2 protein chains.
Amino acid sequence: MPPLHHTPPRPRRVTLADIAARLGVTKVTVSRALNQPEKVSAAMRERVRECARELGYMPNRQAGSLASGRSRLIALLIPSLSNAVFSELHRGLEAPLAAAGYQLLIGHTGYSMEEEERLIETWLSFGVDGLVLCGSRHSERVTEMIARSGCAVVECMEKREAPLDMAVGLDQHAAGRAMAEAMIESGRRHIGFLAARMDRRVEQRLAGWRAAVEAAGLSQEYLMTTPAPSSVKLGGELLDEMLTRWPNLDAVFCCNDDLAAGALFECQRRGLEVPARLALAGFNGLEMTRGTWPALASVVTPRREIGERTAALLLARLSGDHASTPRGLWEDLGFSLQRGGSLPRA
Amino acid sequence: MPPLHHTPPRPRRVTLADIAARLGVTKVTVSRALNQPEKVSAAMRERVRECARELGYMPNRQAGSLASGRSRLIALLIPSLSNAVFSELHRGLEAPLAAAGYQLLIGHTGYSMEEEERLIETWLSFGVDGLVLCGSRHSERVTEMIARSGCAVVECMEKREAPLDMAVGLDQHAAGRAMAEAMIESGRRHIGFLAARMDRRVEQRLAGWRAAVEAAGLSQEYLMTTPAPSSVKLGGELLDEMLTRWPNLDAVFCCNDDLAAGALFECQRRGLEVPARLALAGFNGLEMTRGTWPALASVVTPRREIGERTAALLLARLSGDHASTPRGLWEDLGFSLQRGGSLPRA
DNA sequence: GTGAAAGCGCTAACAA
DNA sequence: TTGTTAGCGCTTTCAC
């Protein structure tokens, strides 16, 4: 931590010692009155609390964690702030962790492994007790740092055979396959797949689509991908390209809901009827899919439940329960299909 | 920080002292080699670095901040993780802060003042050097804690006459008024306003709409609000109610883009032509508004620029430049109108 | 260029 | 129920 020159000193903050001095007791007593109230007489508790309030005392948690070796901090690393998928994961984590006295930190990786590494380093150096990661692709250094730190880790969202520590999610391949099969069952024969920003999860969904299409003896050529970040507009542009190239398409499975929404708008622009002429589906089942017209088919993923289960695992581990939180634990929370109006049954 | 029972000890981490011992020097030298390399001989620098790598040393920043009184941490508190508005604010902040060696933390308030208070308390107790808040409505305790901490603060997004410290944003009232005026100029006479979750910014937009409508001698009665969180689906439902109640509406200004998108879908469901029969507009100018069909009119807010300017102010203040970062500073970064296809000129 | 001493604010362990 | 002692891992100041 290099020095900051010219920095004027902050106002000196009130410490435990100030309260102790004022009350004529020792710091430990004050600390206990505040943090382990049951270990102190009711009278003392009150005196300390009032004095703390009066003086505007604010504990210094750096000092606290340093001394105790525990931070009561859990960090969540999400690839994208704007993707609602991760906000629901967050929601599932938040409440149970807060209830147990843990503070949830959020870090933003922007889908970058380097940024993930930097963030993990930062969080570990701040002594987080637990780490929640999205996905299963990490740099080697991340693996090392985590192993060395002994920090509890849950990898979220995708199927993971050999987790760093624990993992909770769903089988993205099976989900991709299921949606493609639903399209086939509903009578579609020319089924496209549209993907942006190919992370591992998208690759797995794509592989699932491929498996279903192949098994049904249908063509796998209707595939369009781009490394660009996905967006509604992009969905429209890609569908436009697809339809120009393969005008006979009768269904398009988009790797996420934003693309699917954009594809839907593109159909409206072209006057192409959904689902009569083209069936559409997205992935994740975001709120939005139920607001479009027609409502969009999608694979509904249990993001919130994943968050809740993750929180439970972390809390169990952090309270010393190693039996139910073994290293290598993998939990599959499944998924469900939502057909909306854009993919009616045959 | 109450004790956690049954918690098995973590593997002891490598410290400065370990490196020092191995190299036969003192901790200070190691610390300097790592953090102020110019203060140490080139040879020593290399030996220390190599040894650190070998041992897998990871600095303990709690100890570092405690000793130095500075954390190089800046916290951003956002009301909603899923609202893309805030993700772009974050993007604007991130790069300049990282470049200057600061780590940006994200906290999630869920639009709750209590949660904001809790988070601010947490961050201050972790010794953050700076705080970025959204909005200008805070609990009294927040005001106190911030004043006492001497932490640099920027309030973002909305116009603010008497900031806690500094503020950067735009005049939401003027923006609301401008969009309503654009509707009027384009010949609309029955202009509705649709709002969900009324925070201060939404109230200001609403007031702007009211002012414009009143000034034009038009009716202010076409107003529908709900405290529910906004969503695409909700936009459709509210528009449905509005049109049932006031079938003569010829324009609807939604307080954000999600609602506007939902309203657009509802028009499609009803076979109501946009913009011929009904003009539609949202607020924020999210990417999505350019992907719908027709593209949605919206007030484009300079979220990213707000983030960048906020970062610059914080960095200036933290490097001791008080002249250009006076308390009470307010910067208005303006806005622009996007007409899309949903609000053509007359 | 390197070291010695002191202390940041708090908590753990044990003692009284 | 309260106090004593010691120390978490690092940085700061000042000396060499």
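As a basis for the values below, the full set of heavy atoms in this structure was taken, side chains included, without hydrogen atoms, waters or symmetry mates. Throughout, a chain's letter reflects where its sequence line sits, starting with A, and its residues are numbered from 1. These numbers were taken from a predicted model, which means no experiment stands behind them.
Residue-environment remark: CD (A:Glu38) exceeds the threshold of 12 foreign heavy atoms within 6.0 Å. Atom CD of B:Glu50 has 12 or fewer neighbouring heavy atoms from other residues, nucleotides or ligands inside a 6.0 Å radius.
For A:Tyr57 and C:dG9, the shortest distance from a side-chain N or O to OP1 or OP2 is not below 4.0 Å. Neither OP1 nor OP2 of C:dT2 sits under 4.0 Å from any side-chain N or O of B:Thr26. The phosphate of C:dT11 has OP1 or OP2 within less than 4.0 Å of a side-chain N or O from A:Ser31. When the side-chain nitrogen and oxygen atoms of A:Asn60 are compared with OP1 and OP2 of C:dC8, none of them lie within a distance under 4.0 Å. Put simply, A:Arg70 has a side-chain N or O that comes within less than 4.0 Å of OP1 or OP2 on C:dA12.
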Chi angles and distances behind the side chain to side chain donor-acceptor pair (under 3.5 Å) call for A:Glu155, A:Ser136: CA-CA 6 Å; A:Glu155 290 164 279; A:Ser136 59; 5.3 Å; no
Step-by-step salt bridge (charged side-chain N to carboxylate O under 4.0 Å, His left out) determination, A:Arg118 to A:Glu114: CA-CA 6 Å; A:Arg118 264 202 38 211; A:Glu114 292 76 44; over 6 Å; no
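Side-chain to base pairing of A:Arg32 with D:dG3: one donor and one acceptor N or O lie within less than 3.5 Å of each other.
The residue B:Val28 sits close to a base: some heavy atom pair falls under 4.0 Å.
Rounded to a whole Å, the CG atom of B:Asp18 is 13 Å from the C1' atom of D:dC10. For the pair B:Leu34 CG and D:dC10 P, the computed distance is 9 Å after rounding to whole Å. Atom CG of B:Leu124 and atom P of C:dG9 are 16 Å apart (whole Å). As a whole-Å value, the separation of B:Leu66 CG from D:dG9 P is 12 Å. A straight line from CG of A:Asn35 to P of C:dC10 spans 10 Å, rounded to a whole angstrom. For the pair A:Arg47 CZ and D:dT1 P, the computed distance is 16 Å after rounding to whole Å. Rounded to whole angstrom, the span from the CE atom of A:Met58 across to the P atom of C:dC8 amounts to 20 Å. As rounded to whole Å, 14 Å separates atom P of C:dG9 from atom CG of A:Leu55.
Comparing C:dT11, D:dT2, C:dT2 against the side chain of B:Thr29 picks out C:dT2 as the nearest. Closest to the A:Val40 side chain, of the nucleotides C:dG9, D:dT2, D:dT12, is D:dT2. Counting only heavy atoms from C-beta on, A:Ala63 has its side chain closest to C:dG9 among D:dT2, C:dG9, D:dT12. Considering only the side chain of B:Thr15, D:dC10 comes nearest among D:dT2, C:dC8, D:dC10. The side chain of B:Ala67 has D:dC10 as its nearest neighbour among C:dA12, C:dG9, D:dC10. Of the candidate nucleotides D:dG3, C:dT2, C:dA12, C:dT2 has the atom lying nearest to any side-chain atom of B:Ser41.
Residues B:Lys27 and B:Gly24 each lie close to DNA chain C; by heavy-atom proximity, the contact nearer the 5' end of the strand is made by B:Gly24.
Across all their heavy atoms, B:Leu119 and A:Gln103 have their closest contact at CD2-NE2, 3.1 Å. Nearest heavy-atom pair across B:Phe126 and B:Gln62 is CE2-OE1, 4.1 Å.
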